[in-house]
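What follows is one structure encoded as structure tokens, with my remarks underneath.
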Amino acid sequence: MAIIKPFKCIRPNQESADAVAALPYDVYNREEAKAAVAGKPLSFLNIDRAETQFDNDIDIYSDEVYDKAKELLEKEIADKIFVTDGEEAYYIYELTMDGRSQTGIVACASIDDYLSNRIKKHEKTRAEKELDRIRHVDVTGAQTGPIFLAYRSDDTINEIVAAVRENTPLYDFVSEDSIRHTVWKIGDAKDIDAIRSAFESINSIYIADGHHRAASAVKVGLRRREANPGYDGSEEFNYFLSVLFPDDQLMIMPYNRVVKDLNGLTEDEFLESIAKYFTVEEKGRRALYPERKGSFGMYLEGTWYLLTAKECIMSEDPVDGLDVAILQDYLLTPVLGITDPRVDKRIDFIGGIRGLEELERRADSDMKVAFSMYPTSIDELFGVADADMLMPPKSTWFEPKLRSGLFIHRI
């Protein structure tokens, strides 16, 4: 039984939503974030990455940065850039990219469901990455970036969403990257009760994206429980902001790889080495996107190759059977010497949204060889999480990205 509850949302006024909505804080480095907010005073990135308000000699993790985030948020609430809904509600958040839509429920999930693994994970988090968001949430007293959750599609929820989508939306705008964002409010008491009940019948919910944000929100909630030993579970710090999408609407893009060198091998030696576990077919100069599981595109010295994993290395194991694991275990590690892709500086990862042209550009400039991947499926993600296992790093790339600033949850 999952607790997915409505909440009193802080959100932009209708005229400001487009200007406020911002990509997640962690898609930018410091220089990119500062450039992204230039001339955009309402962009929520100013609050999510408040170091953009200071000179570069200020430590991005200093107290004054988090205090500035709180100051900016409170000012925009006072200036009515943000409004606070007076009653608890769910919201529908639809994102449309290239004519394809995914429609989720904006709500708050329970930290107890996270701790009991009813909300399942597939990625290991790093404490140093959590610390920044822990401080941001704690100082601002608000969760500002929703966690991307997935669940197995439910007819009751689908029917309510379809009906509410017939109404006039709160927001409907197209962002700079050509993604259409549409939001509706679910305020009818019967619909709220039906959605809450439907989620109670769903045994497992999955973190699709946002593991560090989720872990940070949970840790802030636990801190506040310690500070308030008389808590009864109804307090807002017991929940974290989420958008929940049905599995049949989600698209996972590949997370491609580029490697800096051939680990001391000549081109012929490299091709001979990988032939032990892969059939290798030369395909010419036309960019190659693999069409099925167990196949990989490889770009080397201006030529594309199709690599197909031999049957002897295919696996039914939820993790070992992933394409990213097969490439890692039977090519990147034994042939190219990439033993720990999390820290090895010879490998880089390129989200599928960047296209195969970016793979070619990198391999022709600062890298040597590129691999295009067949995307991990949502069923594979569920399978790994259900087995209480972890995916290899950079296994999934979700598009489109949820915007920050459209929904804020006070704790």
Side-chain angles (χ1 to χ4, degrees), residues 7-54 60 65-86 89-98 101-104 106 132-133 136-137 139-148 165 167-185 209-210 213 241-243 353 398-410:
F7 69 110
K8 293 181 179 179
C9 185
I10 300 173
R11 55 184 181 81
N13 64 47
Q14 198 164 31
E15 295 74 25
S16 302
D18 187 3
V20 167
L23 284 166
Y25 73 95
D26 52 0
V27 306
Y28 300 98
N29 62 32
R30 183 172 191 164
E31 293 73 24
E32 290 167 342
K34 199 156 192 175
V37 302
K40 298 178 180 178
L42 293 186
S43 169
F44 202 78
L45 193 61
N46 290 287
I47 296 170
D48 256 352
R49 295 287 296 272
E51 76 272 15
T52 57
Q53 311 303 300
F54 298 91
I60 63 174
V65 169
Y66 299 101
D67 290 340
K68 173 61 74 171
K70 178 180 176 64
E71 174 193 323
L72 291 173
L73 178 59
E74 297 300 338
K75 180 179 186 303
E76 293 191 3
I77 291 173
D79 291 344
K80 298 191 176 356
I81 300 299
F82 289 96
V83 298
T84 303
D85 284 342
Y90 294 113
Y91 299 81
I92 296 171
Y93 182 16
E94 182 174 84
L95 300 97
T96 304
M97 182 178 76
D98 297 333
S101 296
Q102 60 186 52
T103 306
V106 185
D132 167 56
R133 284 304 102 175
H136 195 278
V137 171
V139 172
T140 61
Q143 297 157 355
T144 59
I147 315 306
F148 187 157
R165 286 178 70 255
N167 300 330
T168 302
L170 292 176
Y171 313 128
D172 189 3
F173 62 90
V174 177
S175 52
E176 290 179 347
D177 55 358
S178 301
I179 308 299
R180 183 178 181 184
H181 304 265
T182 315
V183 174
W184 295 264
K185 183 176 179 178
D209 201 9
R213 272 170 282 160
L241 180 65
S242 306
V243 185
I353 193 70
F398 283 92
E399 286 287 347
K401 302 294 186 188
L402 307 183
R403 275 6 186 217
S404 296
L406 291 178
F407 314 98
I408 297 172
H409 174 226
R410 277 283 200 199

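For this chain, numbers begin at 1 and follow the sequence in order.
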Taking the side chain as every heavy atom from C-beta outward, state whether [X] and [Y] have any atom pair closer than 4.5 Å.
X: Pro12; Y: Tyr171; answer: yes
X: Val183; Y: Arg11; answer: no
X: Leu42; Y: Glu76; answer: yes
X: Glu94; Y: Trp184; answer: yes

Least distance between heavy atoms, [X] atom then [Y] atom:
X: Ala69; Y: Ala50; result: N-CB, 3.7 Å
X: Leu95; Y: Pro400; result: CB-CG, 3.6 Å
X: His409; Y: Leu241; result: CB-CB, 4.1 Å
X: Glu74; Y: Thr140; result: OE2-O, 4.4 Å
X: Tyr28; Y: Arg49; result: O-NH1, 2.9 Å
X: Ala36; Y: Leu45; result: CB-CD2, 3.7 Å

(request) For Arg180, enumerate each residue passing the side-chain hydrogen bond (donor to acceptor under 3.5 Å, both in side chains) test, keeping only those at least two apart in sequence or located in another chain. (result) Asp172
(message) So, using side-chain hydrogen bond (donor to acceptor under 3.5 Å, both in side chains) as the criterion, who are the partners of Lys8 when residues are at least two apart?
(response) none
Inter-residue atom distance [X].[atom1] - [Y].[atom2], 0.5 Å rounding:
X: Ile47; Y: Thr52; atom1: CD1; atom2: OG1; result: 9.5 Å
X: Ile92; Y: Asn167; atom1: CD1; atom2: CG; result: 8.5 Å
X: Thr96; Y: Gln102; atom1: OG1; atom2: CD; result: 8.5 Å
X: Glu15; Y: Lys80; atom1: CD; atom2: NZ; result: 13.5 Å
X: Lys70; Y: Lys75; atom1: NZ; atom2: NZ; result: 15.5 Å
X: Asp209; Y: Phe148; atom1: CG; atom2: CZ; result: 7.0 Å

(request) Hey, can you tell me if Phe82 and Phe44 have their rings parallel, tilted or perpendicular (30° and 60° cut-offs)? (result)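 Rings of Phe82 and Phe44: perpendicular, as their planes differ by over 60°.
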(request) Determine the interplanar angle of the Tyr91 and Phe407 rings, folded into 0 to 90°, and report it as parallel if under 30°, tilted if 30 to 60°, perpendicular if over 60°. (result)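 Tilted.
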(request) Could you tell me whether the side chains of His181 and Tyr93 share a donor-acceptor contact shorter than 3.5 Å? (result) yes
(request) Look at the side chain of Ser16 and the backbone N and O of Val20, then say whether any donor-acceptor pair between them is shorter than 3.5 Å. (result)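 Checked: no pair found.
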(message) Exactly one of Leu73, Ile77, Thr84 should register a side chain to side chain contact (heavy atoms under 4.5 Å, CB included) with Ile408. Which one does?
(response) Leu73
(request) Kindly indicate, with the supporting measurements, whether the criterion side chain to side chain contact (heavy atoms under 4.5 Å, CB included) is fulfilled by Phe54 and Ile60. (result) CA-CA 9 Å; Phe54 298 91; Ile60 63 174; over 6 Å; no
(request) Count the heavy atoms of every other residue, nucleotide or ligand shown that sit under 6.0 Å from CG of Asn29, and state whether that count exceeds 12. (result)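 For Asn29, atom CG is crowded (more than 12 foreign heavy atoms under 6.0 Å).
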Salt-bridge present ([X], [Y]; N to O < 4.0 Å):
X: Glu176; Y: Arg403; result: no
X: Arg133; Y: Asp26; result: no
X: Glu71; Y: Lys68; result: yes

